[in-house]
Amino acid sequence: MPSKQDYILRVAAWAKSRGFNDIKANTDGFETPISYGRQQDGEAFVPDVTGQQFEQKSYFEVILKTDDVNHLTSKLKLLGQLASARGGQLYLMVPKGHLPFAKSVHADSRVVAELINLL
């Protein structure tokens with residue numbers, strides 16, 4: 001079973017093939033995206049992948065089944081706000097077998113995001 005790092009590499013390649021540039025990824029071989037902290041509890045979130053297209057910054061998050069749904073939901077809400085503030089989009093990149101979980105988290109978080117199947 002591929003690791004999250006393997007998926008992050010695939011997401012970076014997907015973003016590049018779709019015309020995104022200045023791609024940063026939270027994995028070896030890439031510049032790490034900026035970490036964003038929450039003021040109320042100091043928790044920090046690092047996007048899996050970021051990229052720019054026409055001066056608009058977008059965020060790409062690999063969605064894997066997890067027990068820590070609250071952390072994931074908080075991260076998605078923050079990234080969704082950042083994407084809309086920067087004129088970009090939030091993409092939820094979903095590996096095979098994780099789609100029902102991703103749809104559930106997407107609905108619960110109520111963030112504006114596009115679900116993309118990672119094949």
Side-chain angles (χ1 to χ4, degrees):
M1 187 163 178
S3 71
K4 183 160 186 175
Q5 299 304 308
D6 296 330
Y7 290 126
I8 290 174
L9 290 171
R10 278 205 239 162
V11 170
W14 183 93
K16 186 172 184 171
S17 75
R18 301 293 186 294
F20 287 90
N21 54 43
D22 193 23
I23 294 171
K24 296 178 182 170
N26 193 11
T27 191
D28 292 340
F30 284 87
E31 186 179 334
T32 304
I34 294 170
S35 172
Y36 297 95
R38 260 200 322 223
Q39 289 178 336
Q40 65 261 39
D41 59 9
E43 189 167 11
F45 300 98
V46 179
D48 288 340
V49 178
T50 64
Q52 289 207 198
Q53 199 172 37
F54 313 115
E55 303 302 315
Q56 298 169 328
K57 189 166 190 173
S58 290
Y59 298 85
F60 305 84
E61 194 64 23
V62 176
I63 305 297
L64 301 174
K65 292 176 196 158
T66 178
D67 291 333
D68 197 353
V69 177
N70 289 338
H71 177 81
L72 178 60
T73 301
S74 296
K75 184 175 184 181
L76 294 181
K77 285 180 178 179
L78 175 69
L79 294 179
Q81 289 171 342
L82 290 169
S84 66
R86 297 194 164 119
Q89 272 190 285
L90 173 59
Y91 295 91
L92 306 183
M93 310 303 284
V94 186
K96 187 175 182 181
H98 296 268
L99 190 58
F101 174 77
K103 283 182 174 178
S104 162
V105 168
H106 182 228
D108 291 347
S109 68
R110 294 192 299 280
V111 295
V112 176
E114 188 174 338
L115 274 84
I116 305 288
N117 281 316
L118 265 183
L119 302 174

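Computed from a predicted structure; not experimentally measured.
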Original post:
Do any N or O atoms from the side chain of S74 and from the backbone of N70 form a donor-acceptor pair under 3.5 angstrom?
Top reply: yes
Original post:
Could you give the distance from CE (M93) to CD (E61), rounded to the nearest 0.5 Å?
Top reply: 11.0 Å
Subject >> Pairing residues for Y7 by the ring pair (Phe, Tyr, Trp, His ring centres under 6.0 Å) criterion, not counting sequence neighbours >> reply: none
**OP:** Check the hydrophobic clustering (I, L, V, M, F, W, Y; side-chain heavy atoms under 4.5 Å; chains of links allowed) and say if L79 and L72 are grouped together.
**Re:** yes
Original post:
Tell me, do R10 and P95 make a side-chain contact under 4.5 Å, heavy atoms counted?
Top reply: no
Original post:
If Ile, Leu, Val, Met, Phe, Trp and Tyr residues are connected whenever their side-chain heavy atoms lie under 4.5 Å apart, and connections chain through other members, are I63 and L78 in the same group?
Top reply: yes
Original post:
Do other residues, nucleotides or ligands put more than 12 heavy atoms under 6.0 Å from D28 CG?
Top reply: no
Original post:
Closest heavy-atom contact between H106 and L115?
Top reply: ND1-CD1, 3.2 Å
Original post:
Is the count of non-hydrogen atoms from other residues, nucleotides or ligands lying under 6.0 Å from K4 atom NZ greater than 12?
Top reply: yes
**OP:** Could you give me the CA-CA distance, side-chain angles and deciding distance for Q89 and Y91, then say whether side-chain hydrogen bond (donor to acceptor under 3.5 Å, both in side chains) is met?
**Re:** CA-CA 6 Å; Q89 272 190 285; Y91 295 91; 2.7 Å; yes
Original post:
Is the number of heavy atoms from other residues, nucleotides or ligands under 6.0 Å of N21 CG greater than 12?
Top reply: yes
**OP:** Using a 4.5 Å cut-off on heavy atoms from C-beta on, say whether the side chain of T50 contacts that of F20.
**Re:** no
Subject >> side-chain hydrogen bond (donor to acceptor under 3.5 Å, both in side chains) assessment of T27 paired with Q5 >> reply: CA-CA 6 Å; T27 191; Q5 299 304 308; 2.7 Å; yes
Original post:
How would you list, by chain and number, every residue that makes a side-chain hydrogen bond (donor to acceptor under 3.5 Å, both in side chains) with R110, sequence neighbours excluded?
Top reply: none
**OP:** Report the distance from atom CH2 of W14 to atom CD1 of I116, rounding to the nearest 0.5 Å.
**Re:** 4.0 Å
Subject >> Contact summary for F30 and A12, nearest pair of heavy atoms >> reply: CZ-CB, 3.7 Å
**OP:** Please report the shortest heavy-atom distance between Q52 and E55, naming the atom on each side.
**Re:** NE2-CA, 3.9 Å
Original post:
For Q39, does the CD atom have more than 12 heavy-atom neighbours from other residues, nucleotides or ligands under 6.0 Å away?
Top reply: no
Original post:
Counting distance only, does the side-chain N/O of T66 pair as donor-acceptor with the main-chain N or O of V69 below 3.5 Å?
Top reply: no
**OP:** Rounded to the nearest 0.5 Å, what's the gap from NZ on K65 to CG on L99? Could you check?
**Re:** 10.0 Å
**OP:** Quick one: pull up CZ in F101 and CG in L64 and give me the separation to the nearest 0.5 Å.
**Re:** 8.5 Å
**OP:** Answer yes or no: is there a side-chain heavy-atom contact under 4.5 Å between L76 and T73?
**Re:** no
Original post:
How close do P47 and P33 get, heavy atom to heavy atom, and via which atoms?
Top reply: O-CG, 3.4 Å
**OP:** Would you name the heavy atoms of K75 and V46 that are closest together and state the gap between them?
**Re:** NZ-O, 2.8 Å
Subject >> Separation between CG of L92 and CG of L118, rounded to the nearest 0.5 Å >> reply: 11.0 Å
Original post:
Can you tell me how far the NZ atom of K24 sits from the CZ atom of F60, to the nearest 0.5 Å?
Top reply: 13.5 Å
Subject >> Least distance between heavy atoms, F45 atom then H71 atom >> reply: CE2-CE1, 3.4 Å
**OP:** Could you tell me whether D22 and K57 have a side-chain N and a carboxylate O separated by less than 4.0 Å?
**Re:** no
Original post:
Would a 4.5 Å heavy-atom cut-off, applied to side chains only, mark L90 and V112 as touching?
Top reply: no
